[in-house]
Amino acid sequence: MSITAWRSKILHFNGDPAHSDEPGTIMVYDDGILVIEDGHILAVDTPEALADMTRGLNVQHLPDSLIVPGFVDAHVHYPQVDIIGGYGEHLLHWLDRYAFPAEIGLMNFKDRAKDTASFFLDELLRNGTTSALVFATTYAHTVDALFGKALKRNMRLISGKVMMDTHAPPELMDTAQSSYEDSKSLIGKWRGKGRLGYAVTPRFALTSSPEQLELAGRLLKENPDVLLHTHLCENQQEIARAGALFPEARDYLDVYKRAGLLTDRSVFAHCVHLSDDERNDLAKANAAIAFCPTSNLFLGSGLFDMSAAQQAGMTIGFGSDVGAGTSLSSFATMNEGYKVAQMRAQSLSPYDAFYMATLGGARALHIDKHVGNFTVGKEADFLVLDLAATPLMTRRLGKASTFEEMLFALMILGDDRAVRRTYVAGKLAHDRDA
Ligand SMILES: [Zn+2]
């Protein structure tokens, strides 16, 4: 039995601050202690309240720091770390010019996939991201590569083989039947191993035949514990093409719904251009949305309607959507998310943003019974953030007169330099100063 404790400012959430002003929804300790036992949360409270428990313990005191739960990236593509920052395209041409060639580049190269997966996961940890829902490619070995490396790092990570049997480069295409068989065997091989989970992953309606979408629905029915992970209503051209390819569907979401892919375990990336019908159907199904602001701005896709999604009561997490997104840092995502809200005359408070980057993301990915906040018994994925990471942060954060003001300045000025340490299940997984 090993007990460790950290003393610092602490922030975590017990609920969604956009929907609840109950006391305890937002938990802020200006001076708090987090106690970990064997990789799980044993206690979080003030030093006074924990005086008995921490007597005799070597409590690590971290002034100028803020401890938060590990960030959750609810939508990201690991093979695309190599083409991040690809100039000059909107979604459909960007896929042809950058994303598909990067994925084809892993076709026959197991070592290259493993190397890319290792680099990607280390970058996640360096940026404070301890859990993610990740696109691999259509090649099963790229899923093996990512899961193998994530297992080694003991990360709570979810991924799946991309299903894509039409309107794509021939090298990347599977068939409806092979995508079903491969997904099924990957589920058997990886689901529940360590802290890993599986997501059935048709890329989007444009690159799957109706047969393939049907089989994706069958995989969900046969495996009620896996997620569905895909893209929805990212770009106008994409929506028009989905309408042309599936004329019988009421709208884009209905393409998925007809195939049994609209469930309470479905995560839809983007959802920038939803109709009211689509938003209502998503809310009714308790499906989750991954809001990907850096990607939506970079590809010129549009401005996500956060207020409408919140009002509909939807579960929303943040996605970096790298490589169309421009950073793996949740700080960059929150920062750009705020600006998207501003452009819509809405607002994204720092509490809403940090909630979405932690517990909100965990809820979207159905891993919130394990991670996302500091409820006693949960797995101890957490970060030590440096509130004096740069001269400008030291100066600006030092001038903040409230915790909320400090948190907002951190969200706007922060980046990987602010992530001093990342802990995965209580173990140090990244140390900036090492
Ligand atoms: Zn994406």
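Residues: numbered from 1 along the sequence shown. Numbering of ligands and ligand atoms starts at 1, following listing order.
- Distances from the Zn ion (ligand 1) to the N/O/S atoms of His231 are shortest for NE2.
- For the residue pair Tyr180 / Glu222, a side-chain donor-acceptor distance below 3.5 Å is found, with atom types taken as modelled.
- Backbone or side-chain N, O or S atoms of His75 reach the Zn ion (ligand 1) at under 2.8 Å.
- Distances from the Zn ion (ligand 1) show that Asp321 has an N/O/S atom below 2.8 Å.
- Among the atoms of Cys292, no N, O or S atom is found under 2.8 Å from the Zn ion (ligand 1).
- Heavy-atom contacts from other residues, nucleotides or ligands closer than 6.0 Å to CZ of Arg258 number more than 12.
- Of the inter-residue distances, the one linking Thr230 atom OG1 with His75 atom NE2 reads 8.5 Å to the nearest 0.5 angstrom.
- Ring orientation note: the planes of Phe147 and Trp190 are tilted relative to one another, at an angle of 30° to 60°.
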